Structures are given as structure tokens and as C-alpha cells.
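To keep things clear, I will list the structure first and then write my remarks on it.
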Amino acid sequence: MAGAEGSVRGSALQHFPITLPVGDLSNLHLKEEKIKPDANGNLKTNAISFKDRAAQSLLNKLIRSNLVDNTNQVEVLQRDPNSPLYSVKSFEELRLKPQLLQGVYAMGFNRPSKIQENALPLMLAEPPQNLIAQSQSGTGKTAAFVLAMLSQVEPANKYPQCLCLSPTYELALQTGKVIEQMGKFYPALKLAYAVRGNKLERGQKLSEQIVIGTPGTVLDWCSKLKFIDPKKIKVFVLDEADVMIATQGHQDQSIRIQRMLPRNCQMLLFSATFEDSVWKFAQKVVPDPNVIKLKREEETLDTIKQYYVLCSSRDEKFQALCNLYGAITIAQAMIFCHTRKTASWLAAELSKEGHQVALLSGEMMVEQRAAVIERFREGKEKVLVTTNVCARGIDVEQVSVVINFDLPVDKDGNPDNETYLHRIGRTGRFGKRGLAVNMVDSKHSMNILNRIQEHFNKKIERLDTDDLDEIEKIAN
DNA sequence: AAAAAAT
């Protein structure tokens with residue numbers, strides 16, 4: 001494996017690329033060679049090492065005060081501070097198996113994304129390293145861990161060697177497709193979907209080398225039904241890791257699965273957001289983790305225009321939504337509700353008005369869910385009414401509008417900032433512009449919106465849905 | 001409250 005030029009041996013933490021004003025560097029232990037101030041007295045470098053926390057906190061301060069250009073900032077925290085930090089600028093440098101490299105290029109990837117530059121060398125290192133990675137959606141997380149799985153798999157061995165857990169059925173299907181595409185030049189490679197409704201004969205053993213699934217089914221297949229021998233798993237991936245290990249989420253099952261895996265199994269955790277407590281837990285459950293973080297959440301919101309509509313009841317929200325309808329159906333839209341019940345009510349009301357809408361929620365049968373998401377992906381459905389089942393990870397490039405018919409709140413009725421970010425992150429993907437409209441129907445929900453606004457420190461503007469000019473304006 | 005199991 002090739003090391004990037006200028007990588008620094010002995011560093012615990014590196015930022016690429018950053019510019020530091022030279023006067024503030026007293027606490028930074030810089031690698032002396034090759035780093036000279038430029039004409040403006042600024043220090044430009046692709047590799048700076050920090051030896052202590054004080055230096056790190058200074059850097060954080062600089063970032064906050066905007067003295068440091070942190071666009072495309074990647075933060076890497078290595079398990080072994082003495083090993084060199086690699087970063088690759090091309091897929092060739094990774095020395096992938098030819099059939100895997102072929103798969104990568106067939107998917108249209110030419111160069112590694114920002115997160116992949118740093119994550120791939122770590123994941124493919126020998127021996128395999130554990131990794132906790134955070135980066136916004138659309139930055140190549142899925143491709144990164146799929147590549148890691150495919151590089152470890154031995155197609156000749158007819159048993160599961162890689163295991164990937166997803167929080168929902170839809171996401172498992174989506175990720176499965178990436179595995180199939182990228183792995184299509186391995187002739188003998190097979191993929192199994194461990195999802196609800198996918199039934200196998202008792203006593204059978206899986207011959208597929210890679211398994212993707214949702215926690216409940218995977219747990220059953222590993223323990224009670226013994227379709228999978230967990231002791232033979234070499235790579236374990238948690239996608240949307242924050243929900244997978246959150247107490248409110250799938251923590252129980254994920255951890256029970258993890259405990260069955262062999263000690264030397266590689267663990268890879270990927271998520272767009274990590275709340276503090278979840279982040280700490282992640283560092284506790286993953287032995288000797290490497291950590292990669294990319295970008296802060298504010299930057300995700302920059303390409304998404306956020307509005308709110310003031311109403312006084314659910315029916316008024318419905319009316320306002322109808323007024324907006326022409327504007328949101330220019331491309332594709334997702335409408336989020338708090339409960340399955342509201343979602344199915346809303347979908348029914350909208351079709352009564354003569355609008356074509358699709359409905360997706362967890363109460364539907366898996367076959368139906370697969371069909372709906374497929375139609376939405378293909379663009380046959382323009383508007384999808386759904387619950388939090390689609391809040392995370394679902395990639396449909398044409399989605400330009402997200403509507404929160406109900407604001408996201410947790411079980412205690414407090415604003416759910418993480419889910420808000422994930423929901424509106426369904427739009428504005430791959431640097432495209434996006435639009436988010438929040439429906440407010442009471443003092444209480446206005447309060448929640450204000451708290452969300454404060455949390456992200458980003459203005460959410462009022463939108464008058466009776467004003468056609470204004471609607472025209474946001475649509476363009 | 002939603003999601004997730006052959007419970």
C-alpha cells in the first residue's frame with residue numbers, strides 16, 4: 001500500500017488541508033520539514049501533527065473563529081499513533097483485486113471520495129483495523145465499507161464471511177444493490193438478505209459469502225436458527241451505526257450479534273451523525289478503534305433552504321400542503337409524518353384531492369414496501385408520504401423537497417435534532433440544492449421548531465402558502 | 001412514536 005506524500009509518522013491526529021496563521025502555533029508540534037510560512041505569514045500544510053490535547057483544543061478554537069479554513073476537513077484519530085497515516089488519491093494505490101477494481105470503475109467511481117481517501121487504507125490495512133467513521137450522507141460511506149467487505153471476502157469459501165446490519169428493510173435493499181454491483185465481477189460471489197419475510201428451510205446453512213440484513217432476522221439466523229456461523233465472520237459492518245447502537249434503537253440486538261463474533265473480526269461503524277452519548281458508547285464497544293470524522297453538521301445544511309408554514313390545526317396543515325403541491329412536484333418530494341396512522345390518513349386525503357401519492361410505512365408488508373420504494377426510485381411516484389422509516393440513508397437523487405408534516409420529536413416530546421438533520425438530508429444531496437418545509441400547527445410545535453432552529457443555528461424562514469408569488473419563488 | 005423477530 002502506498003503512503004501519501006507528506007504523511008507524517010508519529011502523529012496522532014492530522015487535518016488536511018488546513019491553513020493556520022503562524023502566530024498561533026506556539027502549542028502545535030509541527031513536523032518541521034517542508035513547512036514554511038507563505039508571503040502572507042500563513043502556514044500551509046497537508047500534514048500537521050498534534051501531540052497533546054491542548055494543541056487540539058487550540059485548533060478547535062481556531063476553527064470556530066474561522067481563522068482556519070476547514071472546508072473538506074477530515075479528522076483522523078489513529079489507534080496506533082506510531083503507525084504512519086496513509087491517504088490515497090486513487091483506487092489503484094489500494095492494490096485491490098483486479099475484479100474488485102473493475103467493479104469500482106464499473107460503478108462510475110474514478111477517484112476516492114474525501115472520506116474514502118483516509119478510510120480505505122485504514123480498513124484495508126494488514127491486520128484489519130476497526131473503524132468508527134462519521135460523514136454526511138452522499139460522501140461515499142456505503143461504497144467505502146462495501147469495498148472493505150469485498151476485499152476481504154473469499155468467494156471460494158461457501159459460507160458467510162461478511163455481515164452488514166441496516167436499521168431498516170429499505171436501506172438493506174439499497175446497500176445490497178451496491179454490494180451486488182461492485183461485486184459483479186466475482187463470478188462465485190453470492191449475497192444473502194437477512195430480512196423479515198425471507199424464510200429458509202430449517203437446518204440449512206447459508207452458502208452466500210456476504211449477508212446484509214436487519215437486526216432481528218440476523219440475530220435469529222446467527223443464534224436460534226443457526227443459518228450463519230458467527231464465528232466465521234471476518235468483517236462486521238454497522239450502517240447508520242448511531243441508531244444501531246442507540247438505547248432507543250437496535251442496541252440490544254446489535255450488541256448480542258457482536259458478542260457472537262470472533263475476537264479478531266473487523267468492526268466498521270458508519271453514520272452521518274453521532275450524538276455524544278452514542279459516540280462514547282461506540283468507542284467503548286469497538287476495541288481499539290480508529291476514528292474518522294468529516295465535516296460538521298452546519299455545512300450539511302448550507303445547501304438546503306429551510307422554511308416553516310404557520311397553521312392552527314391538522315386540517316390547515318393539509319390545506320397548506322395542497323397549496324404547495326404544484327411547487328413540490330416539479331421534482332420528487334418526501335413528506336414525513338410522526339405516526340403510521342397520520343401517514344396513511346394523509347396519503348388517503350391527498351389522493352381524494354386527486355393527487356397521486358405513494359405511502360410507505362412499517363406496517364405494510366415487505367413485498368409492498370419493496371415495490372413502493374422501487375417505484376419512487378424509478379420516478380414513477382413523485383411524492384412519498386412516509387414515517388421515520390425513510391428518515392435515514394434512503395438515496396433518491398431527484399428528491400428536492402422534504403416536508404415535515406409533523407416535526408420530528410422523541411418519545412418525551414422533545415425536538416429530535418438528529419432525525420431532523422437526517423430527514424432534510426434526503427434532499428440537497430451530492431451538492432444539489434434542496435428545500436425543506438416544516439408544518440407548524442400549535443404553540444407547542446412552534447416551540448419545537450424554534451429549538452431546532454437554535455440547535456443548528458440556522459434561520460428557518462416563514463412561508464406564506466397563500467402567497468403564490470412566494471411559492472413560485474421557493475420552487476425555483 | 002417508529003423501527004425491528006420465525007418472538
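The figures here come from the full heavy-atom set of this structure, side chains too, leaving out hydrogens, waters and symmetry mates. The sequence lines fix the lettering, A, B, ..., with proteins before strands; numbering per chain opens at 1. The model shown is predicted, which means the values in this text are computed figures rather than measured ones.
Dashed line: the shortest gap from a side-chain N or O of A:Thr217 to OP1 or OP2 of B:dA4 is not under 4.0 Å. For A:Arg369, a side-chain nitrogen or oxygen approaches OP1 or OP2 of B:dA4 to under 4.0 Å. Taking only side-chain nitrogens and oxygens, A:Ser361 never comes nearer than 4.0 Å to OP1 or OP2 of B:dA2.
One atom, CD of A:Glu363, and another, P of B:dA1, lie 14 Å apart when rounded to the nearest Å. The interatomic distance linking A:Arg423 (CZ) with B:dA1 (P) rounds to 14 Å, in whole Å. Rounded to an integer number of Å, the gap from CZ of A:Phe405 to C1' of B:dA2 is 18 Å. Atoms NZ (A:Lys341) and P (B:dA2) sit 10 Å apart, rounded to a whole Å. Rounded to whole Å, atom C1' of B:dT7 lies 11 Å from atom CG of A:Leu225. Regarding A:His422, its NE2 atom lies at a distance of 19 Å from the P atom of B:dA2, rounded to whole Å. One atom, CG of A:Leu238, and another, C1' of B:dA4, lie 14 Å apart when rounded to the nearest Å. A:Ile212 places its CD1 atom 14 Å from the P atom of B:dA4, with the value rounded to the nearest Å.
The side chain of A:Thr339 lies closest to B:dA1 when the candidates are B:dA1, B:dA3, B:dA6. The side chain of A:Val389 lies closest to B:dA3, out of B:dA3, B:dA1, B:dA5. For A:Gln248, whose side chain is taken as the heavy atoms from C-beta onward, the closest listed nucleotide among B:dA5, B:dA2, B:dA3 is B:dA2. Of the listed nucleotides (B:dA6, B:dA1, B:dA4), B:dA4 has the atom at the smallest distance from the side chain of A:Thr214. When the nucleotides B:dA5, B:dA6, B:dA3 are ranked by their closest atom to the side chain of A:Arg340, B:dA3 comes out on top.
Each of A:Lys224 and A:Glu170 has a nearest nucleotide on DNA chain B; the 5'-most of these lies closest to A:Glu170.
Note that A:Lys284 lies outside the cation-pi zone of A:Trp279, set by a 6.0 Å cut-off to the ring centre and a 45° limit from the axis. Figure legend: A:Lys205 and A:Tyr159 shown without cation-pi pairing, the cationic atom not lying both under 6.0 angstrom from the six-membered ring centre and within 45 degrees of its axis.
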Audit row: A:Ser313, A:Asp441, side chain to side chain donor-acceptor pair (under 3.5 Å) steps and yes/no: CA-CA 5 Å; A:Ser313 67; A:Asp441 65 355; over 6 Å; no
Working for side chain to side chain donor-acceptor pair (under 3.5 Å), residues A:Glu154 and A:Gln209: CA-CA 7 Å; A:Glu154 279 297 340; A:Gln209 298 87 343; over 6 Å; no
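Residue A:Leu200 is in base contact, counting any heavy-atom pair closer than 4.0 Å across all strands shown. Nucleic acid contact class of A:Gly197 (heavy atoms, under 4.0 Å, all strands): sugar-phosphate only. At the heavy-atom level, A:Leu219 lies nowhere under 4.0 Å from the strands shown. At a threshold of 4.0 angstrom between heavy atoms, the contacts of A:Phe336 with the nucleic acid are absent.
A:Lys352 and A:Glu349 are joined by a salt bridge, as a carboxylate oxygen and a charged side-chain nitrogen come within less than 4.0 angstrom of each other.
A side-chain donor-acceptor contact under 3.5 Å links A:Ser254 to the backbone of A:Met244.
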